[in-house]
Structure formats: structure tokens, C-alpha cells
Amino acid sequence: MSNQPEERYEDSQLYRIRHSAAHVMAQAVLEFYPEAKYTIGPPVENGFYYDFDLPEAITNEDLEKIEKRMRQIIAGGHAFVRKALSAEEARQIFSNQPYKLELIEGLEKGGLDEYGNPLAEKPEISIYQHDSFTDLCRGPHVENTRQINPSAIKLMSIAGAYWRGDEHNKMLTRIYGTAWKTPDDLKNYLKMLEEAKARDHRKLGKDLEIFIYEDEVGPGLPLWLPRGGVLIEELEKLAKEMEEKAGYFRVRTPHLAKEDLFLHSGHLPYYAESMYPPMELEGTKYYVKPMNCPMHHKIYGAKSHSYRDLPIRLAEYGTCYRYEKSGELFGLMRVRSMQMNDAHIYCAEEQFEQEFMGVIDLYKKYFDLFQIEKYVMRFSLHGKEGLGKKFVDNERLWLKTEEMVRQAMKNGNVPFVEVANEAAFYGPKIDVQIWSAIGREFTLATNQVDFAQPGRFNLVFMNRNGVEETPLCIHRAPLSTHERMVGFLLEHYAGNFPAWLSPEHARVIPITDNQNEYAEGIVRQLLEKGIRASADLSAQRMNAKIREAQLMKVPYMLVVGENEANAGQVSLRVRDGSRQDNIPLAEFIARARDRISTRSGQL
RNA sequence: GCCCUCAUAGCUCAGUCGGUAGAGCGCGCCCUUGGUAAGGGCGAGGUCAUGGGUCCGAAUCCCAUUGGGGGCUCCA
């Protein structure tokens, strides 16, 4: 750790290189498609993009062509020249570039940035010029195209993107590129992408037989295979243990409810589009539940409560269905059927901070267990504009609850960032961003403070003054959904699960079939001791059996030949390649049971 | 939902200019009884995603649909 303050990306040389590479790319594209309209091209994490309105679709072959031309332009050694000018002058330069004219208008009028967001102050209008290309741009850039290393750039992909990110606007063609200081940096980046691909939960999920999708079942509706079933069982066991210790009660609720319930909760008016359409029977409409909370509210409301009962914590691994739009589905990370590590905590206002921190503590325990080192709480606030539309219309309560959460996190020294306009409709939300072992960001856990629904459901408790009061409700899902959690864990561990999570703890590998019976006896003993085991009695050679177990990432392989059979021993091969030959079976059992029962990260 | 792209055996993939299909793995049988990441042989297995169209003839060309992927938008 250095004491130097970290340089902002926006101020770095890399940022300038990428920004300049975007301009060079735009020049190349315009040379091939002179009629193209160009829009914006900023640096982004790991690279840059530029959005064009092109007269025809371009292909990956075109990318090679464009990339080649970029290298020529770079070699030309052109200077980047900045010039400040008036809106009028800018309009003349970009007279045939409608998107640029729109940008100029935004800059001129009250200052809107390139994404259409308001700017604090009215900016100076400037252009940057190099070779034959001129762009409306605030910079900064490198001084000369030569400062872009032609062997450290690469065009990555073509994608669609809406003008100004608004789905009502025209779909533009976005070209993504990456640029680095040195060819080695580029190589490392590409290697990192390869690694990420090898860890992709969709690939590992298939290879390790965790889940599948079937066309006839439907998109976003995963089928969990036996090995995936084990992961889920273990996660539930973990959650139930932790929640029991933390004073939660377990409840169970149905998958469907009448329309009335979701009208009552306020979900239907806000989220009907994301719900499966209703089914109507005997004149009554039923909806498949998109979340569990309304049902938990009903359970809370089923009897009268005293302040002495609070907090009441209702937990359920509830199965929910949400109609995510087709283009939004993604492996296990975005699905239509999901099972949530859900719970609702009903508490009095003065209990809020303690309960809230109790949830955060739970998070931290899980982070510890899963060796998650980096996390940030994203604290999503309401937006004034959305009141009554996106958000429940009660600004006073919004501000009050937000302040409560803010204080709780400050007091608890929880790292968090605030994001405006992204709350849940019933209250402020905290999404937990975590980073996997290879540094990819995931949003898994979420919790929300709900000041709206308890009131809607007339949930009350009698306070110590004998006056009815409405409790607050904390929605929380530290382990997210099974789908997302397993997706994350697959990538995080690259499929090399700690023993307790491994679908198969041990595989017994007889060397010849003379040891098959001995192997089967071992399996029986292991199963008896709660160790998930099987024997490989196939006609293959031992080496092939080991390879197979290794590919399935089985943590413990027990090789048994004539010697072991005679001595009542096993040869232990651990997934990491280490070996312990000729140990008594009991010794292995003790080791495995210890690792499993403590949920150890060691094998 | 939108833009682009892809779909061949259970899996991973090959298939040229349009002439109705191949490999490896896996599966079954046989031989091999092997000491820490693939022993060998034989065999079964495909309406080339689905539905239309062009053509004497379509896995191959065109259109639509379904599903996957890269993005955008969205994610209570």
C-alpha cells in the first residue's frame, strides 16, 4: 500500500491514450463510411468506444480493416490540437452532424453533458483536431498520435447502443476497443479475458454438471442437476444455521396469490410489466409472486403484536418468478425463476440501527466464509422527480429513513457510496457490490428499508405507551438468490469449491477391479459419516479415473490398490495434486469431516 | 424489448463453389488388470434448431419463429 493518493482515472495518461484512440478510430470509420454520423466516444474501464449512426451494418471483418487504418493514422504522427470556440462557430463546423448539433445545444443551453445529464456550470465549448478529423470534445488528449502504441490497441466488438442511453432514441452502432500503454499490458488484459472466459459460470455450470437450460422449459428457467442441488442444499443449510442463531423464524408461503394482495402491496401498479401475467379461475385473478414480502406482511399481521415481541424476523428461501425481458437474461445471473435468501425484519424505529447492523454483520460473516475481500455497499436513494411514479410519494419519510440508514452505516464504519434515484419504490436500498477472485464485480446481496408497505398493510404493534405504532420493515437477502450466488461462487472459486460446498467430497478409485469391493465398502463407510462419496468402478485405467475426478474438481481422491485393500488403508490424492499415501481410512475421515464441518477454506 | 451475431450427434467442433453429413470426447460391447491427469478395438447414435421460400437439387442461399452469445435499456 502506498501513501500516495490514487490518481483519478480521468487524470491518467491511460485515459488520454484511450480517448485519443477513440478519435483515431472515429477518423478511420469516417474514411470508410463518409456518410456516417458520429456521436460520442469516451474512454471506459479497460478501453473506449465510439457510437456511430452508420448507413449500413458493419461486421467483424470491417473491424480488422478499421484497426489497420488506425495504425496507419497513428504512424502519421499527427498532433492533437485543442481550440475553444463559440457555439455558433461550432455549429458551422458540425453543420452536417445532427448529433453534434444536439450536443452543442445542450452545452450552450444550461450545460448538458454528452449523456444528457445536467452539468454544474456552463462549460467552454472546444474542439480537438488531429489529421483530417475534428471532434467536439472537452479532452484531454495525448499530444501526438505517436503517443498511442499501435501494438497496444485492439478493436473488440460491435454492439448496439441507444443515443444518450435512452431506449426511445435511435439505436446506434457502438464499436468497443481497448488500448494500453504497452503491448504487454494489452497481452495481459487479453489473458485476463481468457481467464474470465474459462471461469464463466455458464461454462463451468455445464462442465461440472451444475445446471442446464432446456428449450422446452423456457429461457431464464434453469434446471438444477444433482450436483447443483447439493450446492443449493449446502447454501440453505448455511443460511438456516446463521438465521436461527440470529433469531429468525422460518415461514413458508405459496407461489401464487390473488391479485388483491399485489394491489394492496403496491407491486402491481409499479411492476406489472415484470410480473407473469395473471391466470383467471372462477372469476378471480391469481399472480405468481415476484417477491415474498406481501405474504410475510400477512403473517406479521395475523396476530396482534406488542413492542415486547419486536423485532420479528421472518425468513424464507422463497421461490419467485419475474418476467425479465428476453434480452436481459444472462446465465444464472439474470433469470426468471429464482429462490431468494429472503427475510423481513419488523422492528420499532429505535431498534432500527441495531437490526440494520445485525444484517450487515451477517454479510460480513458470509464475506469471511467465502473469502470475499473487496465489497462496497451501494446506498440507493430516492429521486425527487420520481416521487409518485417510481417511488412512494412521501418525501418526508424518504429523507428520514435515508438519514437513519446513513447514520447507521457511518456509526458502524461500513464503507458505502450513495447513488441517487435508484431506490426501491418503498424505501432506500442497499446493494452489496462484491468482487470475485478475478476482480469481476457482482451485485449479490440487497436489503431495503421499507416504510411504505407496513402502513399499506395496516401492520401495527402496541408501543409502551399503549398507542398503536407502525413498524419499519427491513427486507434483506444476504445470500442473494440461489441462482446468482451459485453463479458467483462458480466464478469466484473457478469451480474449485471448498470441501463443504463440493457436490462430491470424495471419489474412491480402485486400481484394478480386484479392489472394487473394497472401494464400495469405503464408500458405504464415508456415506455413513456424512461424506459425499462414490466409487469409480469403470473399466478405465487408474490414470483416466484420476483425470476424470480431477476435471470434475473432486477435492479428495482415494486411490486403493492391493496394498491399501490388504492394510485397510487409502492413498489420498487431494485436488491440488498433493498426496498422502497409505493412511488409515479413519485418518482421512477425520480430516474430511473436520474440513467439512468447519466449512474450512483448506482441503 | 432494441441493435449485431450464432445454432451440425449427449458434449466440443469440422463440413470448400448448393449435389441429402464427419472427427474427438461421452455411451454400449470386447480386449487390456494398469500405482497418481486420457491403454486399444468394434459398434450404436444426426428430421443439420423449427416453419416457410428459391432451386432439378438446400446443413449450405432468402424470410420468419425459437433459443444462445456480445452490447444497449431494465433489474422491486
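Letters go in sequence order (proteins before strands), and every chain restarts at 1.
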- Query: Can you name the residues that form a side chain to side chain contact (heavy atoms under 4.5 Å, CB included) with Tyr162(A), not counting sequence neighbours?
  - Reply: Glu167(A), Met171(A)
- Message: Can you confirm whether Glu441(A) is buried at CD, in the sense that more than 12 heavy atoms of other residues, nucleotides or ligands lie under 6.0 Å from that atom?
- Response: yes
- Message: Rounded to whole Å, how long is the line connecting atom CG of Asp62(A) with atom C1' of C3(B)?
- Response: 16 Å
- The correct set of residues in residues 566-578 of chain A placing a heavy atom under 4.0 Å from RNA chain B is Ser571(A), Arg573(A)
- Given the C1' atoms of G19(B) and C3(B), what is the spacing between them in whole Å? 37 Å
- Task: Give every residue pair that meets the side-chain hydrogen bond (donor to acceptor under 3.5 Å, both in side chains) criterion with at least one member in residues 203-222 of chain A, sequence neighbours excluded.
- Result: Lys203(A)-Asp207(A)
- Considering only atom P, compute the distance from G53(B) to U60(B) and round it to an integer number of Å. 14 Å
- Item | Nearest-angstrom distance from the residue atom CD1 of Ile511(A) to P of A37(B) | 12 Å
- Item | Rounded distance in Å between the C1' positions of A58(B) and G18(B) | 6 Å
- Task: Determine the contact category for Lys206(A): base if any of its heavy atoms lies under 4.0 Å from a base atom, sugar-phosphate if only primed atoms, P, OP1 or OP2 are that close, otherwise nothing.
- Result: sugar-phosphate
- Task: Report the residue from Arg456(A), Gln453(A), Gln448(A) that forms a side chain to side chain donor-acceptor pair (under 3.5 Å) with Tyr426(A).
- Result: Gln448(A)
- Task: State, without any angle test, whether Ser571(A) and Glu564(A) hold a side-chain donor-acceptor pair at a distance under 3.5 Å.
- Result: yes
- Item | Other residues, nucleotides, ligands: >12 heavy atoms within 6.0 Å of Glu395(A) CD | yes
- Query: Which is true for Leu551(A) with a 4.0 Å heavy-atom rule: it touches a base, it touches only sugar-phosphate, or it touches nothing?
  - Reply: base
- Of all residues at least two apart in sequence or in a different chain, which pass the side-chain hydrogen bond (donor to acceptor under 3.5 Å, both in side chains) check with Asn582(A)? none
- If we take the P atom in both G22(B) and A44(B), what is their distance in whole Å? 13 Å
- Task: Find the distance Lys203(A):NZ to C11(B):P and express it as a whole number of Å.
- Result: 14 Å
- Pairs satisfying side-chain hydrogen bond (donor to acceptor under 3.5 Å, both in side chains), at least one member in residues 541-558 of chain A, at least two apart: Gln550(A)-Arg573(A)
- Please identify each residue that fulfils salt bridge (charged side-chain N to carboxylate O under 4.0 Å, His left out) with Arg199(A), with sequence neighbours left out. Glu195(A)
- Listed once per pair and sorted, the salt bridge (Lys or Arg N to Asp or Glu O under 4.0 Å) pairs that draw on residues 254-277 of chain A, sequence neighbours left out: none
- Under-3.5 Å donor-acceptor pair between Glu562(A) side chain and G34(B) base: no
- Message: Filter on ring pair (Phe, Tyr, Trp, His ring centres under 6.0 Å), then keep only pairs touching residues 560-582 of chain A, sequence neighbours left out; what's left?
- Response: none
N/O-N/O pairs, protein side and nucleotides 7-10 of chain B side, under 3.5 Å:
none

- What is the distance, rounded to the nearest whole Å, between atom CZ of Arg507(A) and atom P of A37(B)? 15 Å
- Query: Base, sugar-phosphate, or nothing for Asp581(A), non-hydrogen atoms under 4.0 angstrom?
  - Reply: base
- Note on the structure: Applying the Watson-Crick and G-U criteria (both distances under 3.5 angstrom) with [ ] for crossing and | for other-strand pairs, one obtains for RNA chain B (((((((..((((.....[..)))).(((((.......))))).....(((((..]....))))))))))))....
- Task: Check the distance between U12(B)'s P and Leu208(A)'s CG and give it to me in whole angstrom.
- Result: 14 Å
- Task: For C75(B) and C6(B), measure between their P atoms and round to the nearest Å.
- Result: 31 Å
- Measure from CZ on Phe52(A) to C1' on C3(B) and round the result to the nearest Å. 16 Å
- For the base of U36(B), is there a side-chain donor-acceptor partner from Asn543(A) under 3.5 Å away? no
- Here the distance between atom C1' of C29(B) and atom CD of Gln540(A), to the nearest Å, is 15 Å
- Item | Gap between atoms CD1 and C1', on Ile58(A) and U5(B) respectively (whole Å) | 13 Å
- Distance, C1' atom - from U12(B) to A38(B), rounded to whole angstrom: 16 Å
- Task: For Glu355(A) and Arg313(A), run salt bridge (Lys or Arg N to Asp or Glu O under 4.0 Å): C-alpha distance rounded to whole Å, both residues' side-chain angles, the deciding distance at 0.1 Å, then the answer.
- Result: CA-CA 10 Å; Glu355(A) 284 307 303; Arg313(A) 310 179 188 91; 2.9 Å; yes
- Considering only the C1' atoms, how many Å lie between A59(B) and C17(B), rounded to the nearest integer? 15 Å
- Task: Taking atom types as modelled, find out whether Ser534(A) and Glu504(A) have a side-chain donor-acceptor pair closer than 3.5 angstrom.
- Result: yes
- Query: What is the per-nucleotide protein-contact pattern of nucleotides 67-76 of chain B, from the 5' end, where B denotes a base atom under 4.0 Å from a protein heavy atom, S denotes such proximity for sugar-phosphate atoms only, and - denotes neither?
  - Reply: SSSBBBBBBB
- Message: Once you measure the plane-to-plane angle for Phe488(A) and Phe442(A), does it fall in the parallel (<30°), tilted (30-60°) or perpendicular (>60°) bin?
- Response: perpendicular
- Interatomic distance at C1', C61(B) relative to U16(B), whole Å: 16 Å
- Residue pairs fulfilling salt bridge (Lys or Arg N to Asp or Glu O under 4.0 Å) with at least one residue in residues 43-54 of chain A, sequence neighbours excluded: Asp51(A)-Arg174(A), Asp53(A)-Lys170(A)
